[in-house]
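Letters go in sequence order (proteins before strands), and every chain restarts at 1.
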Amino acid sequence: AQTVTQSQPEMSVQEAETVTLSCTYDTSENNYYLFWYKQPPSRQMILVIRQEAYKQQNATENRFSVNFQKAAKSFSLKISDSQLGDTAMYFCAFMKQGGSEKLVFGKGTKLTVNP
Amino acid sequence: NAGVTQTPKFQVLKTGQSMTLQCAQDMNHNSMYWYRQDPGMGLRLIYYSASEGTTDKGEVPNGYNVSRLNKREFSLRLESAAPSQTSVYFCAGGTRGRKTMNTEAFFGQGTRLTVV
């Protein structure tokens with residue numbers, strides 16, 4: 001079974017600075033997707049960024065980028081130029097490619113951006 | 001186009017009561033999911049359905065049943081509610097697209113359930 005581990009329950013960063021959230025996962029699969037979701041206080045789940053495992057190039061979406069290390073089974077999220085609106089829970093998630101499409105989440109990291 | 005719609009948004013139950021959480025999607029998702037979210041525990045998968053008529057247990061299925069009668073709807077039933085089932089419940093629909101950019105899960109707004 002796949003598992004996703006986020007080792008940082010809480011983090012904080014100053015506005016305009018850069019922060020990196022960690023995620024590791026355990027799987028025997030070779031083809032899969034990885035995701036970072038954001039959950040602001042509104043409770044809505046918002047997709048931040050996705051990565052397909054076969055792609056070596058790290059995904060980027062504006063101020064958000066990932067460092068995907070397949071051999072190490074690591075998938076960290078870097079937020080550059082942090083903004084107050086980035087304050088939220090961030091969840092790392094794993095989905096196997098093909099088969100049942102089961103989507104598994106980590107326990108989350110609570111990020112606070114301070115003014 | 002409403003996306004994924006959950007009802008109700010809030011519910012209080014007495015121990016032993018039953019209820020069904022409804023979820024409907026209009027995005028033509030093949031897969032649908034039910035999660036519960038508890039403080040410090042992240043989102044834990046209760047049940048999921050890879051396609052119409054099929055369901056599979058997730059990490060925490062005990063005390064719940066699900067039904068996927070058609071592609072649009074995936075309901076979660078609590079037959080005899082217990083205080084341990086107090087949580088926020090999320091339904092999601094997922095698509096594995098031909099392109100990576102189409103592969104993601106879309107979530108409903110959540111249901112805050114309290115069992116007293």
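Contact annotation for B/Gln37: only side-chain heavy atoms (C-beta onward) come within less than 4.5 Å of a heavy atom of chain A. In this structure, chain A has a heavy atom under 4.5 Å from the side chain of B/Leu45, while its backbone stays farther away. Heavy-atom distances place no part of A/Gln6 under 4.5 Å from chain B, backbone and side chain included.
Ring-centre distance between A/Tyr37 and B/Phe107: below the 6.0 Å cut-off. For A/Tyr25 and A/Tyr32, the gap between ring centers is short of 6.0 Å.
Looking at B/Leu78 and B/Leu21, their side chains come closer than 4.5 Å, going by heavy atoms from C-beta outward.
The 12-atom threshold is exceeded at CZ of A/Arg43, counting heavy atoms of other residues, nucleotides or ligands nearer than 6.0 Å.
Heavy-atom pairs under 4.5 Å with chain B were tallied for A/Gln44, A/Gln39, A/Met89; the largest tally goes to A/Gln39.
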